[in-house]
Structures are given as structure tokens and as C-alpha cells.
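Side chains included, hydrogens not; waters and symmetry mates left out as well; all remaining heavy atoms used. Numbering of ligands and ligand atoms starts at 1, following listing order.
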Amino acid sequence: MTEITAPKSPVTAEQFADEIREQLKYTQGVTPEQATAADVYVAASKAVRNHLADSWFKTQADMVNGNTKAVGYFSAEFLIGKQLENALLNAGLTDQFDSAVEALGFQPKDIVDAEYEPGLGNGGLGRLAACYVDSLASLGVPAFGYGIQYRYGIFKQTFDENGKQVETPDYWLNNEEPWGHIDYNRDQKVSFGGEVVEENGKKVWKPAWSVRAVPVDYLVPGYESQRVNTLRLWTAKSYDEFDLLTFNKSEYLDAVKPQVKAEDITKVLYPEDSTKVGKELRLEQQYFFVAASLHDAIRVFYPGQDKPDLTTFPNKITFQLNDTHPVIGIPELMRILIDEYDYDWDTAWDITVKTFNYTCHTLLPEALEVWSADLIGELLPRHLEIIEKINEQFEDELKGKGVDDETIERMRIYTGDSVRMAYLATYGGSHVNGVAALHSQLLKDVTLKDFSDVYPDKFTNVTNGVTPRRFIKLANPRLSDLITEGLGTDKWLSDLELLQGLVPLAKDDEFVKKFAAVKQANKHAFVGFAKQHYGIDVDENTLFNTMVKRLHEYKRQSLKILATISQYAAIKNGSASVEDLQPRTVFFGAKAAPGYYLAKMTIELINNVSRVINNDPDLKGKLAVYMLPNYNIEMAQNLIPATELDEQISQAGKEASGTGNMKFALNGALTVGTLDGANVEIRERVGAENFFLFGMTVDEVEEQYANDYDPAKYYEADPRLKHAIDLVANGTFSNGDRNAYAPLVADWLTKDWFMTLADFTSYVDIQSEIEKLYQDQLEWNRKALLNVANSGFFSSDRSIEDYLKDIWHTGPLAD
Ligand code: 73E
């Protein structure tokens with residue numbers, strides 16, 4: 001018997017339709033006859049939000065009164081995706097919504113599609129934060145996500161006629177946004193600049209200017225949990241009215257300058273991913289949101305108290321620092337405790353260390369934030385003093401532990417010139433975690449080795465996860481139904497390890513065929529999506545092969561495009577036995593940081609390879625390549641369920657975890673991948689025989705670096721590689737222009753820091769294995785099903801359970 005959990009909301013479809021009508025009438029100001037899909041979207045969203053209000057108030061009250069410690073997740077990015085469908089699911093209102101909008105004369109899908117996706121993050125780090133707030137609420141743990149409501153999210157990507165990336169601003173707040181509730185009465189003052197003076201033996205910061213931080217609250221409903229948490233995103237407003245005198249002199253722009261400067265702070269998300277951006281405005285953003293959030297947490301937990309006992313603060317809430325971006329929160333809490341609440345240094349330090357924990361998301365040294373001391377001194381003079389003092393205390397502590405001078409020198413938080421934020425976070429918090437087993441190990445062995453030697457107990461691992469609600473249930477309803485049928489329950493949505501129950505069904509050919517039919521239906525649906533959104537005609541009777549993620553050299557889109565060119569060449573010159581060739585469609589999706597030259601050139605190359613291949617009649621029905629513009633959550637939700645082969649081909653030791661890899665495995669794609677990040681754990685769980693492994697290991701990579709890696713050697717050794725690179729160099733993909741990709745070619749042949757060439761042969765060789773297996777659809781789908789069945793570990797619910805147990809030491813609220 002299939003056991004389906006009842007929706008928690010008692011409202012009927014008719015009542016819900018009335019609620020939508022009421023919203024249309026009183027807040028939208030339109031009649032149901034006048035209403036467009038966009039109107040109904042806004043009205044329905046507000047109606048859902050109303051349903052969540054009581055649970056939201058109750059969760060907050062229980063949190064403040066309860067004996068459970070809350071979690072504050074500090075993140076510069078929350079890539080939340082479209083909200084309506086997810087809110088309906090978690091509120092148990094999906095069926096009512098479907099019937100209600102049909103009664104109003106609309107298709108539910110059109111209403112859901114009318115939402116504009118907020119792009120408040122770059123990639124995996126931001127999406128992880130969104131999955132974590134979903135899981136916290138679903139597990140009933142009281143929590144705040146604290147971040148920034150950028151006015152412009154990640155840029156929109158298009159391509160010009162030459163295939164180059166064009167960035168356009170993402171003004172997502174141009175239309176009504178029904179989810180964020182701006183709360184002018186819970187604002188905070190955040191100050192900058194000025195100087196520190198001594199008054200009565202006490203340091204006093206006299207800032208030069210201040211900004212008003214206003215919270216915008218997004219409700220985060222848990223799946224079947226009756227708990228609704230808060231995602232509080234701050235927006236900057238000016239305290240300064242514009243200067244009427246200047247205005248009257250017709251100097252309009254000068255008159256509004258201070259206002260513009262203040263509001264600039266939250267204007268735009270930095271479009272960089274995995275690189276450090278040393279910009280003054282970025283530090284302003286970071287300080288702005290953590291200062292506002294820390295004061296907000298004190299307000300929430302000690303309401304109306306002038307002299308709260310903040311030694312209890314670490315029992316009320318624990319803060320997770322999502323990478324180094326919010327680490328300025330450590331000196332800020334020290335400042336608050338000492339300057340605003342008169343605690344002595346040692347007490348303040350004890351509270352601070354107990355309150356903070358730090359997640360590191362990278363291994364790339366160029367991604368670890370380092371701020372110039374001059375900049376911090378100018379913007380936050382009191383914080384620089386505090387950081388200096390933290391560093392002094394730290395060095396004394398190290399000396400006391402017998403650490404030698406050379407090591408101390410290497411470990412300094414404050415070097416005199418600059419401040420190393422990762423070191424400050426490691427010393428200033430209780431725990432440090434990496435985001436996959438291999439990554440956490442490499443943090444201990446390499447990136448933060450000195451720290452791990454002195455403070456071994458601080459280090460731990462929490463392997464990333466993804467929410468099954470959005471990435472299976474909403475993205476892949478067909479597979480969700482089949483899983484529920486196979487397991488006889490839908491409980492897997494809140495206990496993903498139950499997917500293990502599908503393992504025996506992989507032996508059942510009939511079930512495997514149903515699974516294959518789901519994949520085929522998803523491919524068919526994606527063909528429609530691609531036609532509608534990109535105007536392309538995709539052949540659904542080809543292997544769907546996908547590589548979607550940010551464009552970065554270490555992720556090695558170059559490897560995929562060179563292998564694709566090689567396949568193209570083999571078909572063209574007849575060296576591939578055409579009968580054996582499995583027709584394939586290769587999908588790329590990737591944004592490059594606007595200033596990242598080689599990444600942008602790689603996009604241009606992919607677009608032009610796509611143009612040449614897709615227009616060549618010899619390739620028709622055999623190979624097609626698409627670079628899909630503007631990869632975002634919506635595209636992920638449509639493309640991942642349709643994908644059969646997923647590419648996770650970063651150089652070993654560079655991708656901290658990856659989370660796309662988990663989404664693909666959970667949606668029944670097979671992975672071709674290196675032993676990097678969470679690939680290692682995915683392969684362990686799904687079984688080596690159900691994963692296409694290739695390429696060098698971390699140790700082999702290290703050996704190559706140590707032995708002066710020479711890419712040209714590989715170019716000479718494999719004629720397929722030589723031919724592919726020669727085609728790029730000789731103008732085949734640039735209308736004969738041999739200079740078009742010269743910098744890329746020169747990089748491959750002389751530098752190739754991420755060793756694309758060294759891994760090429762092993763990568764191309766495994767493709768024949770892949771194609772052979774694909775001929776046997778039953779076997780292929782059996783393996784794909786085993787990927788789904790064995791990937792339950794990669795639920796973000798499990799990640800959050802790990803954080804609760806090993807780092808936060810807290811748990812759900814009692815009902
Ligand atoms: O491996 C991914 C990881 O899965 C990693 O590259 C990414 O975080 C994901 C979630 O853990 C990441 N993003 C950033 N650093 N690591 C980053 C750095 C600076 C700005 C924005 C993002």
C-alpha cells in the first residue's frame with residue numbers, strides 16, 4: 001500500500017481560489033477577468049505566504065523561549081531559486097493551488113513559470129546555503145539565514161553573433177516581488193570609517209559615516225515540519241536626505257551622492273566564483289551584513305534588554321560562517337561585546353570563539369581572502385586594532401605551545417600589511433570544516449596544515465548535500481512518482497536513505513524499464529523546454545551528455561570541448577567506425593566571471609565548435625553541441641532530470657566538493673569523473689562499476705607539478721589530442737582566423753596548469769566504454785537506477801544532521 005503523507009494545511013481548493021481572488025482584488029487591484037499569469041502568480045504567492053505566517057510566528061516565539069540553540073547561517077550568497085512551487089510543496093498546498101488556478105482559467109505551470117528567478121549567488125556556494133536553510137526548517141531546527149538582498153543578482157548571460165559572452169544586468173526587483181517582506185522597524189545602523197580615540201581610558205570608535213541596514217524577510221517553510229524559519233537579507237538605505245541646497249543649485253547628481261553611496265553597498269553581487277576579489281565595496285558589503293546580523297541576533301534573543309547577559313549568547317545561537325566572506329563578524333562581535341557592552345577582552349573572546357564556526361569551500365590558494373591592513377584600517381579602524389590584538393594573543397598562545405618561530409611567522413593572522421581571513425576564522429571559531437571527505441583531508445594536510453597540527457580537534461568534515469524536495473520532487477515529478485511506487489511510501493522525501501530500498505528493484509527488469517521510460521519522458525520534455533527557451537531542435541534519440549557549472553580552468557570545460565572536437569574529427573575523417581558511434585548531444589551551461597579572460601575565450605570556443613558541428617551535414621544525427629545561455633536554477637531543474645551522462649572532470653584536488661554531481665546521481669545520470677571532491681564519495685556509494693572513473697589522482701597531480709609538468713609532451717604523444725588542438729589553432733572554428741584562440745592554445749601547450757592535456761587520453765578512452773554500455777539500454781538504466789538508490793547520503797538533511805551533531809550541538813525545537 002502506498003502511504004502518502006497528508007497535506008498539513010486544511011484549506012480546500014475552493015477556499016484557496018477565494019484567497020487568490022481576494023489578493024487580486026485588494027492588493028493587485030485587478031478583477032479575475034483582467035488578471036494575467038503574472039498577477040495570479042503574485043496573488044497566489046501572497047496567499048501562500050499568509051498560510052505560513054502563523055507557523056512563522058510560532059517558530060520565532062518557540063525559538064526565543066525554547067531551550068534549543070538556534071543556528072545563524074551567515075552567507076554572502078543565497079541562491080534560492082523560484083519560490084512559489086517550493087513554498088506550495090512545503091506548505092502542503094500544491095493540489096489546492098492546481099485546482100484553484102485552473103478554476104481561475106490558468107494552467108498551474110504558467111503561473112509558476114511567471115516567477116522571476118532571484119540570482120543572489122554565483123554557483124555552488126550560494127545554492128548550498130539555500131539547501132541548508134531548507135533542510136534546517138524541514139528538520140525543525142530554529143534558524144536564520146543572514147545575507148544580502150542585492151538589487152542586481154548574478155548577471156544575465158547571452159552570446160553575441162561571434163559566440164562571445166555578453167553580460168546584462170539582472171534587475172530582478174523590477175517587477176513585484178511577493179516573497180520578501182521589508183521591515184523598516186527592525187533596522188540597524190552600520191557605521192564605517194573615521195577614527196578611534198581614547199576617552200576615560202576606553203577606546204571609542206568615532207565613525208565617519210553610517211548606513212541604514214533594513215531587513216527583508218523571506219519565509220523558509222520546512223517540508224512537513226510545521227516550522228517556518230527566516231532568511232533575513234539586508235538592504236542598504238541612506239540616512240541622509242538629499243541636500244536641498246545643492247539640489248536647488250541644479251547640481252542634482254551631487255545632491256544625491258551620499259544617498260547613492262550608501263545604497264550602492266547592496267546594489268550588486270560580485271560575479272566572481274572561487275576567486276578572491278579585493279575590492280573596497282566588497283569589504284563594505286561583508287561588514288554591512290554581518291554587523292547588522294549580529295546586532296539583530298542580540299535584539300531577537302534579548303528583547304528590550306539594555307544590559308543583557310551576553311555570556312549566555314553562545315547558548316542561544318551558533319553562527320556558521322559560509323567561507324571567509326562573513327569572517328569580519330569575529331572582530332565585530334568582539335567590538336560589540338567590549339565597546340558596546342563593556343565586557344573585558346577575555347570574556348569577549350570566550351563568547352566569540354564559542355559562537356562562531358567556519359566552513360572552508362576551497363583549496364585554491366588564490367581564493368583565500370586576504371585584506372590589506374590599510375583598507376581595513378580606513379574602513380574599520382577599530383576592527384583593525386582588535387585584529388592586531390587577536391594576532392598578538394594568537395602568537396603568544398602558539399609560543400606557549402612550543403611552536404617554532406618560522407611556523408608562527410607562516411601562521412600570522414595579521415602580517416602588518418594584510419589580514420588573512422581564513423586564519424582569523426580558524427583561530428576565532430570553534431570548528432573548521434571542509435565540504436567533502438577528500439577536501440577536509442587536504443585542508444588538514446595542505447591548506448591549513450599548520451593550524452591542524454596545533455588545533456587538531458577543531459577540524460572536521462561535513463560532506464555537502466542537496467535538498468531532495470527541489471532537486472527530485474519538483475525537478476523530476478516522474479521519477480518521484482516511480483520512487484514512491486517502488487518504495488510504497490513518499491517518506492523518502494524527508495529520509496533520503498530510504499532510496500536504498502530501490503536496490504533490489506535494479507534486478508527487476510520491468511522496474512528498470514519503467515525507470516528508463518521516465519528518463520525518456522524527461523528527455524522529451526527537455527526537448528520542448530529547449531525549443532521554447534532557446535529555439536533549438538534537440539534530437540531526443542541521442543545520448544544526453546551534460547556539463548553545467550561555472551566556467552573555470554580547474555573545472556576543465558577545455559577537456560570536454562577538446563574531446564568533443566576529437567570526436568567530430570573522427571567522424572569527419574572516417575577514422576571512427578560510424579556504425580559504432582553512439583549519437584550524442586552535448587550540453588554545456590556556464591557563466592564566466594566578466595574579467596576572466598581565458599574562461600570567456602573558452603565560452604566563445606564552445607559556441608563556435610557548436611556552430612561548426614551543428615551546421616555540418618556530415619554530423620547530422622551523430623553529434624550535436626549546445627552552449628545553453630544563462631545557466632541558472634531553473635535550467636538545472638529541467639536539464640538535470642533529462643541528462644544521462646554527467647561530466648565532473650575537474651583536476652583532482654581542485655574541486656572542493658561539487659553539488660551538481662549529487663543532483664545528477666540522484667536523478668539517474670551516470671557520472672564520468674575524476675577522483676575529486678565529492679565524486680570520491682559518490683563513487684564509493686554507488687559502486688565503482690556504476691561510475692566512469694578516469695584521470696590522475698591527487699598524488700599523481702602533485703608528482704607532475706614536482707617534475708615540471710610539460711603539456712607539449714602529451715600533445716605530441718596522442719595524435720587525437722594533437723589533431724583537436726591543431727583544429728582550434730588552424731582556424732577551423734574561427735572562419736580561418738588563426739589568431740582567434742591563440743592565447744588559449746598557447747596556454748594549453750606551454751602552461752596547462754590544470755593538466756587538461758595529461759588527462760586527455762584517459763578521458764577519451766573511457767568514452768568508448770561509455771558508448772558500449774549505452775548500447776545496452778537495460779544495463780545502462782540498471783546502473784543509473786543504482787546511482788539513485790545509493791545516493792541518499794547526499795541529502796542536505798544528512799549534511800545538516802552532521803553539522804548539528806559535530807559542530808552546532810543543537811537540534812530541533814520540541815513541538
Ligand atoms: O566545490 C564547490 C563546492 O561544492 C566550490 O568550488 C564552491 O562551493 C561549493 C559548495 O561547497 C565554492 N564557491 C566559492 N568557493 N568555493 C566562492 C568563492 C568566492 C566567491 C564565491 C564563491
Can a donor-acceptor pair be found between the side chains of [X] and [Y] at a distance below 3.5 Å?
| X | Y | value |
| --- | --- | --- |
| N632 | K156 | no |
| S558 | E553 | no |
| Q648 | E655 | no |

Out of [options], indicate the one that has the non-hydrogen atom closest to [atom].
| atom | options | result |
| --- | --- | --- |
| atom 10 (C) of ligand 1 | V435, L364, N464 | N464 |
| atom 17 (C) of ligand 1 | G123, S274, A129, G124 | S274 |
| atom 16 (N) of ligand 1 | H552, H361, E369 | H361 |

Is there a polar contact, in the sense of an N or O pair closer than 3.5 Å, between [X] and ligand 1?
| X | result |
| --- | --- |
| K555 | no |
| D323 | no |
| G658 | yes |
| Y554 | yes |
| E655 | yes |

For the residue pair [X] and [Y], does the interplanar ring angle fall in the parallel (under 30°), tilted (30 to 60°) or perpendicular (over 60°) class?
| X | Y | value |
| --- | --- | --- |
| F544 | F587 | perpendicular |
| H552 | Y596 | perpendicular |
| W234 | Y146 | parallel |
| F319 | F74 | tilted |

If you count the atoms of ligand 1 from 1 in the order shown, which ones are under 4.0 Å from a heavy atom of [X]?
| X | result |
| --- | --- |
| E77 | 21 (C) |
| R282 | 20 (C) |
| A656 | 1 (O) |
| E272 | 20 (C), 21 (C) |
| T275 | 19 (C) |
| D273 | 13 (N), 21 (C), 22 (C) |

Report the nearest protein non-hydrogen atom to atom 13 (N) of ligand 1: residue, atom name, distance rounded to 0.1 Å. L125 CB, 3.6 Å
side-chain contact (heavy atoms from CB on, under 4.5 Å) with H431: of T426, D806, N357, V462, only one passes, and it is N357
Short N-O contact, D134 and R469, less than 4.0 angstrom: yes
